[in-house]
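Throughout, residue positions are numbered sequentially from 1 according to the sequence presented. In listed order, ligands and their atoms are each counted from 1.
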Amino acid sequence: MSTDSPASTTSPASPEGQPAAPGFDQLKLGPAMLANLDRLGYKTMTAIQAASLPISLAGRDLIAQAKTGSGKTAAFAIPLLTRLDASRLQVQAIVLCPTRELADQVTQELRRLARAEENIKILTLTGGVKMGGQRHSLAFGAHVVVGTPGRVMDLLERGNLDLGEVNTLVLDEADRMLDMGFHDSIAWVASHLPVQRQTLLFSATYPEGIARLAARFLRQPERISVQAQHDAGKIEQRFYEVTESERLATVARLLNHFRPVSTLAFCNTKQQCRQLVELLQAAGFSALALHGELEQRERDQVLVQFAQRSCSVLVATDIAARGLDIGGLEAVINVDVTPDAEVHVHRIGRTGRVDQAGLALNLVSGKEMVVLSQIEKMQGRPAQWHELASLKPASAEPLQAPMATLQLLVERREKIRAGDILGALTGDGGIAGDKIGKITIGEFSSYVAVQRDLARVALRHLAATKVKGKVVRVRLL
Ligand code: ADP
Ligand code: MG
C-alpha cells in the first residue's frame, strides 16, 4: 500500500503547501446551512466529505469507507438534513449506530448541524435507558431518529415508532454493527421502511459482510473509499525496545517525558488495561480505563472526563475505543504491539487529526519484533528507534490533567443549558469564566470542567448556589 493516500490530495491545505481543500460552498447547499458550517469552523471539506457529498446530495445510494475521525457524520448529516421538511413532524430519516455512545455522538453532531433550521427534532433511541421516556418523546414527534438496532426494533414492534415516511436510512459504523451481530435487526428495521429511499452506509473497514449487507439494502450504490493511511509526515512515530517487566513502568516514563495533555494508551487485553491503570494511578497520574466490562454510565463518565481534559490518560483495548470520536490527542501510546498491522494504522490515526501534528509512542518487546516487521512493511518505512535512557522527566511533578470534572445531577429534560451552569459557577463570588472548560449536557447528568486547582472551590460554590433556580446535587469525579 502506498503512503500517498487519496486523503492527502484533498485534506485541508497544510503549511507545506498542499493544494487547498474544497470548501462547502462548491455544493448546492442553502445559505443557512453554509453559514452554520462556517460558524462551526468547518472551513473546508474533509476527504470523505468531498468525495461523498456530491453523490449523496444527488440522491444516490452510497457505501463510504474512511477511518475514524474523518468527518463521516457530517457526510451523512448534511444530505439528510437538506432533505428534511421541518413543517412535517414525522420521522423522515433514521440513523442506525452500533452503540449508545456512538448514537449520542451522532445526535450531538446532528443537532449542531441542524442549527441552520428552526426546531428540528432529533431523538436518540438506544438501549440502557428505560423505554418509557423514549415512547413519551416519540409521541410528541420527531424528524430524525438515531438509534441502536435493538431498541429501534423494540419500539417498532410495540407500535411506538412509525417509519413509513422515512426517506433516508443511514447505517453508521456498519462493520461494527455486523461484528456485534446486528445483521438481522438491521434487516428487520429496513423491512419497515419505504422501498423508495436513499440508503447511506458508512464503515471504517470493508469486510465481506458489508458487501453482502449492501447488496441487500442499497440500490446501485456508488462506492467510495478514502484510504486508512495517514499523512506520513503528520504523525511522529517513536519506537522503544522494552522487556516485559519494564513495559508498564515505561508508559509512566513516556508520560513524564513528553507530558501530553491527552493520551490514548492501547493495550491488547483488558487485563493489561487494568494493570496499567493501577500502576499509573498509584504513580499519581489521572488515568482511567475504557473496557467492555464497564457499565454504560461508567463508560459515559470516563469519556466525558477524557474529553474535558480531566483525565490525561485513557487506557483502552481496540474494541472499546473503536468508532469513538476521541480527537485532538497529543499522543497515542501503543503499550503492546497489535498483531494486526491495519489496527496499528487505526490506532496511531487517533493523534494528529485535522491540522495538528501527532505523536505515536510504541513499546516493543523482543518477541513482538516479527509483528513489527509487518507494520513496517505496511507503512513502507522502518521503525525509528529511540533509547529508553533518553526519557528524562521534564518536571519533578508527575503529569496532571489540567482540569477536573464536576458532575451535576440534573436531567436534560429539565432543559438545563451550558449557560445556566456557567452562570451559576461564575456568579456571586464564584470562579472566573476563563477557569471553566467544556460543559457537557447529558441525559441524566451534566458535567463541567474547571481548572484542577479550583475544583474544590467550584464544588463548594455550586453546592451553595442555585442552578436555574434549583439546588442541584454536585460531586467531583
Ligand atoms: P467519523 O465519524 O469519521 O469518525 P466524525 O464525524 O465524528 O468522524 O468527525 C470527527 C471530528 O471532526 C468531529 O469533531 C467533527 O466535528 C469534526 N469535523 C467534521 N467535519 C469537519 C470539517 N469539514 N472541518 C472541520 N472539522 C470537521
Ligand atoms: Mg462516526
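For ligand 1 and Ser70, the ligand atoms under 4.0 Å from any heavy atom of the residue are 1 (P), 3 (O), 8 (O). When each atom of ligand 1 is checked for a heavy atom of Thr73 under 4.0 Å away, the hits are 2 (O), 5 (P), 6 (O), 7 (O). Shown in contact with Glu109 at under 4.0 Å from a heavy atom are these atoms of ligand 1, numbered in order with element: 15 (C), 16 (O). Taking every non-hydrogen atom of Thr44 and a distance limit under 4.0 Å, the qualifying atoms of ligand 1 come out as 22 (C), 23 (N), 24 (N). Close approach to Gln49 involves these atoms of ligand 1, each under 4.0 Å from a residue heavy atom: 19 (C), 20 (N), 21 (C), 22 (C), 23 (N). Counting atoms of ligand 1 from 1 in the listed order, those under 4.0 Å from a heavy atom of Arg112 are 16 (O).
Looking at Arg238 and Glu236, a side-chain N of the basic residue comes within less than 4.0 Å of a carboxylate O on the acidic one, giving a salt bridge. Between Arg381 and Glu376 there is no salt bridge, since no side-chain nitrogen of the basic residue lies less than 4.0 Å from a carboxylate oxygen of the acidic one.
Not one N or O of Lys43 is nearer than 3.5 Å to an N or O of ligand 1, by distance alone. Between Ala74 and ligand 1, not a single N/O pair is under 3.5 Å apart.
Here side-chain hydrogen bond (donor to acceptor under 3.5 Å, both in side chains) pairs that include residues 50-62, with residues two or more places apart or in two chains, are Arg60-Glu222.
Partner Arg135 forms a side chain to side chain contact (heavy atoms under 4.5 Å, CB included) with one of Leu161, Asp154, Asn160, Leu125 and no other, that one being Asn160.
Between Arg197 and Thr168, the side chains place no donor N or O within less than 3.5 Å of an acceptor N or O (distance only, hydrogens not considered). When only modelled atom types and interatomic distance are considered, Gln308 and Thr440 share a side-chain donor-acceptor pair under 3.5 Å.
Ligand 1 has Phe24 within reach: a non-hydrogen atom of the residue lies less than 4.0 Å from it.
Qualifying side chain to side chain contact (heavy atoms under 4.5 Å, CB included) partners for Ala307, counting only residues two or more places apart in sequence or in other chains: Lys438.
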